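See below for the structure under consideration.
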Amino acid sequence: MKLITFDFLNTLVKLRAPVGQLYSVVAKRYGRFVDPAKLDQSFKAAYKATSKEFPNFGYGQLSSEDWWAHVTTRTFDGLESPLTKLGVQALYSAFSTNEFYELYPETRVVLQDLRRTRPNLKIGIISNSDERVHSVVNALRMSNLVNFTLTAKETGFMKPDARIFAEALRRADARPHEAMHIGDDVPCDYEGARAAGWKALLVARNGLTPDLDGVSSDDLIPDLMPLHSLYNAQIDDAE
């Protein structure tokens, strides 16, 4: 094995609270008091509409900040509680730091162990997000634990597109059979990686659910600890 990559959100890190609650925290700073549950629903609709209008975070059309301004404005306008321009900017900035993100309990120890026990292994992040992932990685003190981070917005390709996996192989000078991807999304992470010729593991933190039909039980892990050298039969078996 020459390369192992991870999805970012819901695999290595998680939000500290639901999106609606986090939006509500910032909105209050700018005089908007909105029900977090309603914000959560409005955000999902705004995100879906903006993604349809400007795919892949506006790649080739909008900056990431402008794309998210569309999402945020639609979210609050949909509840007839418009947020000020400063509030919109503050939300974008908040999600560029570790204010709203935290590592899963095992993330750091597993990455450190991979670094220690497999010094020639390249470790990467492949995220269906924008370039702010880099600043969040830095803020969470993960930069020394990964070799590279690829985002959909910067590469122009979103998982499960094989081209983003091909770029990861190029960065690591590896071939598909020498690579493994770990993530929490069946079509994007698991099926996308396998279609690209990679090995794949699916993180099922919420246990077995209907959407996991078709995923081999051998490829399911409850968290990242099975990748630790004390338990990492998954990596050994892949080799």
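These figures come from a predicted structure and were not determined experimentally.
- The hydrophobic clustering, which links ILVMFWY residues whose side-chain heavy atoms are closer than 4.5 Å, places L12 and V110 together.
- To the nearest 0.5 Å, atoms CD (E65) and CZ (F57) are separated by 15.0 Å.
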Given the rule in the side chain to side chain contact (heavy atoms under 4.5 Å, CB included) test, do Y104 and D223 qualify, once you have shown the distances and angles that lead to the verdict? CA-CA 9 Å; Y104 281 104; D223 51 42; over 6 Å; no
Please test K199 against D219 for salt bridge (Lys or Arg N to Asp or Glu O under 4.0 Å), starting from the C-alpha separation and ending with a verdict. CA-CA 9 Å; K199 301 167 185 68; D219 296 336; over 6 Å; no
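- Electrostatic pairing of E167 and R171 counts as a salt bridge here, judged by a charged N lying under 4.0 Å from a carboxylate O.
- By the neighbour-count criterion of 12 heavy atoms within 6.0 Å, atom CZ of R141 is sparsely surrounded, having that number or fewer from other residues, nucleotides or ligands.
- With rounding to the nearest 0.5 Å, the separation of NZ in K85 from CG in L83 is 13.0 Å.
- When the options I125, I123, L3 are evaluated for a side chain to side chain contact (heavy atoms under 4.5 Å, CB included) with N147, the one that passes is I123.
- Within the 4.5 Å cutoff, the side chain of Y101 has heavy atoms near those of the F95 side chain.
- Checking side-chain atoms of R16 against main-chain N and O of N98 turns up a donor-acceptor pair under 3.5 Å.
- Neither side chain, Y190 nor D185, offers a donor N or O lying under 3.5 Å from an acceptor on the other.
- Remark: side-chain polar atoms of K159 are paired, donor with acceptor, to backbone N or O of I126 under 3.5 angstrom.
- Taking each heavy atom of A193 and A200 in turn, the nearest pair found is CB-CB, 4.0 Å.
- Taking 4.5 Å as the limit, every side-chain heavy atom of Y59 sits out of range of all side-chain heavy atoms of D130.
- Of the possible donor and acceptor atoms, none in the side chain of S81 sits under 3.5 Å from a partner among the backbone N and O of D77.
- Linking ILVMFWY residues whenever their side-chain heavy atoms come closer than 4.5 Å, directly or via other members, places L79 and W68 in the same cluster.
- A donor-acceptor pair under 3.5 Å is absent between the side-chain atoms of D189 and the main chain of I182, judged by distance alone.
- For the side-chain contact (heavy atoms from CB on, under 4.5 Å) test, residues two or more places apart in sequence or in another chain that qualify with T50 are F54, W67, H70, V71, R74.
- Between P176 and L169, some side-chain heavy-atom pair lies under the 4.5 Å cut-off.
- Hydrophobic clustering, with ILVMFWY side chains joined whenever heavy atoms are under 4.5 angstrom apart, groups L201 together with M225.
- The shortest side-chain heavy-atom distance between V88 and T84 does not fall under the 4.5 Å cut-off.
- A heavy-atom distance below 4.5 Å is not found between the side chains of K14 and L103.
- Not a single donor-acceptor pair under 3.5 Å links the side chain of N128 to the backbone N or O of A152.
- Two residues are said to be in side-chain contact when any heavy atoms from C-beta on lie closer than 4.5 Å; V146 and F148 fail this criterion.
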Chi angles and distances behind the salt bridge (Lys or Arg N to Asp or Glu O under 4.0 Å) call for E191, R194: CA-CA 5 Å; E191 293 176 352; R194 286 169 60 85; over 6 Å; no
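- Ion pair R29/E99 flagged as a salt bridge, since at least one NZ, NE, NH1 or NH2 atom sits closer than 4.0 Å to an Asp/Glu carboxylate oxygen.
- Minimum heavy-atom separation, V26 to A90: CG1-CB, 4.0 Å.
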Is there a side chain to side chain donor-acceptor pair (under 3.5 Å) between E154 and H134 once you walk through the steps? CA-CA 11 Å; E154 292 171 299; H134 297 287; 2.8 Å; yes
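- Under the 3.5 Å distance criterion, the side-chain polar atoms of R132 are matched with a main-chain donor or acceptor of Y92.
- Taking 4.5 Å as the limit, some side-chain heavy atom of S96 sits within range of a side-chain heavy atom of S135.
- In this structure, the ring of H181 has its center less than 6.0 angstrom from the ring center of F165.
- V25 and V34 fall into different hydrophobic clusters, where Ile, Leu, Val, Met, Phe, Trp and Tyr side chains are chained together by heavy-atom contacts under 4.5 Å.
- For S64 against E131, the heavy-atom pair with the smallest separation is OG-OE1, 2.8 Å.
- Counting only N and O atoms by type, the side chains of S229 and D113 include a donor and acceptor under 3.5 Å apart.
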Could you walk me through whether L15 and L22 satisfy the side chain to side chain contact (heavy atoms under 4.5 Å, CB included) test, starting with their C-alpha distance in whole Å, then the side-chain angles of each, then the deciding distance to 0.1 Å, before giving a yes or no? CA-CA 9 Å; L15 291 174; L22 300 177; 4.1 Å; yes
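- Side-chain contact of S24 with Q21: a donor-acceptor pair under 3.5 Å is absent, judged by distance alone.
- Applying side chain to side chain contact (heavy atoms under 4.5 Å, CB included) to R205 and the options N10, I221, T11, L224 leaves one that passes, L224.
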Show your working on side chain to side chain contact (heavy atoms under 4.5 Å, CB included) between Y47 and T72 and close with a plain yes or no. CA-CA 8 Å; Y47 184 94; T72 304; over 6 Å; no
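- Contact annotation: the side chain of D184 approaches that of D7 to within less than 4.5 Å [non-hydrogen atoms, C-beta and beyond].
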Please assess K2 against K122 for the test side chain to side chain contact (heavy atoms under 4.5 Å, CB included), listing each intermediate value before the final yes or no. CA-CA 6 Å; K2 292 182 65 173; K122 300 296 185 185; 6.0 Å; no
Please table the atom pairs, donor to acceptor, closer than 3.5 Å between any side-chain atom in residues 36-45 and protein atoms at least two apart or in another chain.
unit_1, atom_1, unit_2, atom_2, d
D40, OD1, G20, N, 2.9
S42, OG, T75, O, 2.6

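- Side chain of N56 to backbone of G58: no donor-acceptor contact under 3.5 angstrom is found.
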